[in-house]
Chemist: 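Pasting in a structure now, in structure tokens, and then I'll have a few things to ask.
Values reported hereafter were calculated over all heavy atoms of this structure, with side chains retained and with hydrogens, waters and symmetry mates removed. Here is how names work: the chains are called A, B, and so on, in the same order as the sequence lines, proteins then strands, and each is numbered from 1.
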There are 2 protein chains.
Amino acid sequence: MHLLATFTLLPAAIDSQLQREAGMTHFEFGVMAALSRQPGRRLQLKDLAVVANGSLSRLSHVISRLERQGWVRRVSGTKGRATDAELTDKGYRKLMEAGPIHFQEVRRLVFDVLTPQEVKELKRVTSRLNAGLIPETNLGPLARRIRASALRQSR
Amino acid sequence: MHLLATFTLLPAAIDSQLQREAGMTHFEFGVMAALSRQPGRRLQLKDLAVVANGSLSRLSHVISRLERQGWVRRVSGTKGRATDAELTDKGYRKLMEAGPIHFQEVRRLVFDVLTPQEVKELKRVTSRLNAGLIPETNLGPLARRIRASALRQSR
DNA sequence: GGGAATAAGTTGACGCTTCAAGTTATTCTA
DNA sequence: TAGAATAACTTGAAGCGTCAACTTATTCCC
């Protein structure tokens, strides 16, 4: 099955390249990239977890690692028990350096291999798959509750 | 990016469902399924590693786990230092039980969501991506050498 | 306004994967 | 044919993710 192999090999390839050449996980990259897009380069952990498609627990561990590198800083948020993660200047520089490395690789492995037509197809297909995946993704017990309450609120 | 989310969420969803309902990893499932297709339900570890898209080290650990479950048995092969993995009867029964569970889920998450046309597109696109991925996949230092020697032989 | 439920994070243990280093057996090659 | 290289594993440590359990703060409601 091609599908299977792709979904095994592609993430592995991308992850290991980013790890080797930028010293970070693909997930860590995603977290920092998400932060960089926010006003003030900061975001509450709960929300960051959703944006980065990870559980809060995972995120908490990752933020600790990123703090150790000096790339991110925890800032206590304004509301409730909220904690924000904030991208430091050092983290921003690191991200700017890692970005091209990463996107070049994605380009090489995906976009250069496919015709523009195929890229379009792939985008459409993956977006349809996500529609089925996102509402039920198992993001751990906490995230499940978050999703549930998000649903409740949206009624 | 849709692509990114799909490649994060889909494997996670499939893995966690298989883990919950059949008590095995998707990789373990793949290994047992590969064995079941071989004559005598056995295969040398080196080759099994390639078929299952994993490093030899990873496979060795996994085979140890599967042996502990009584699903697979190590059999010393005929040539050289070769070791074969053999699917036991218990393992075969387990696999027969896990198969439908797994494929139902894949169907639900992928094939039911897409039109037949989209499925065709997805198959074609993934097979083209694999063409780029397989020759250079980083399967650890040993597998790299194996690939290298495979190339050497094929000249 | 006081106690229960809920929300947001943190933490530690456990399992899996990778990587590097170690074995053993086999095959070249000088 | 002895020694070096190579092949086929195995093993152990380190890192990451998940899960369950634990804090602490907030809100609900009677």
Chemist: Between B/R65 and C/dT17, is there a contact of a side-chain N or O with OP1 or OP2 at under 4.0 Å?
Modeler: yes

Chemist: Check the distance between C/dT17's P and B/N53's CG and give it to me in whole angstrom.
Modeler: 13 Å

Chemist: Taking the basic N atoms (NZ, or NE/NH1/NH2) and the acidic carboxylate oxygens, is any pair closer than 4.0 Å for A/E121 and A/R124?
Modeler: no

Chemist: Has B/S60 got a side-chain N or O lying under 4.0 Å from the OP1 or OP2 atom of D/dT10?
Modeler: yes

Chemist: Ignoring the backbone of A/S55, work out which of D/dC9, D/dT18, C/dG9 is nearest its side chain.
Modeler: D/dT18

Chemist: Nearest-Å distance, CD1 (A/I63) to P (C/dT10)?
Modeler: 9 Å

Chemist: In Å, rounded to the nearest 0.5 Å, how long is the span from CZ of B/R41 to CG of B/L95?
Modeler: 9.0 Å

Chemist: How close or far is atom P of D/dC16 from atom CZ of B/R58, stated in whole angstroms?
Modeler: 17 Å

Chemist: Could you check how far CG of A/L59 sits from P of C/dT10, rounded to whole Å?
Modeler: 9 Å

Chemist: Holding to ring pair (Phe, Tyr, Trp, His ring centres under 6.0 Å), I want the full list of residues that pass it with A/F27, two or more places apart in sequence or in another chain.
Modeler: none

Chemist: Without decimals, in angstroms, what is the distance between B/D47 CG and D/dC9 C1'?
Modeler: 13 Å

Chemist: Once you round it to whole Å, what is the distance between P of C/dA20 and CZ of A/R20?
Modeler: 11 Å

Chemist: Within this structure, what is the CZ-to-P distance between A/F27 and D/dC16, rounded to whole angstrom?
Modeler: 12 Å

Chemist: Classify the side chain of A/S57 versus the base of C/dT11 as yes if they form a donor-acceptor pair under 3.5 Å and no if they do not.
Modeler: yes

Chemist: Atom NE2 of A/H61 and atom C1' of C/dT10: how far apart are they, to the nearest Å?
Modeler: 8 Å

Chemist: Are the charged groups of A/E105 and A/R108 less than 4.0 angstrom apart, N to O?
Modeler: yes

Chemist: Identify which nucleotide among D/dG17, C/dC16, D/dC9 has an atom closest to any side-chain atom of B/K46, counting heavy atoms from C-beta outward.
Modeler: D/dC9

Chemist: Please determine, for the side chain of A/R74, which listed nucleotide (C/dT17, C/dT10, D/dT10) has the closest atom?
Modeler: C/dT10

Chemist: Just N and O in the side chain of B/Q19: are any of them under 4.0 Å from OP1 or OP2 of C/dG15?
Modeler: no

Chemist: If the threshold is 4.0 Å, N to carboxylate O, is there a salt bridge linking A/E86 and A/R74?
Modeler: no

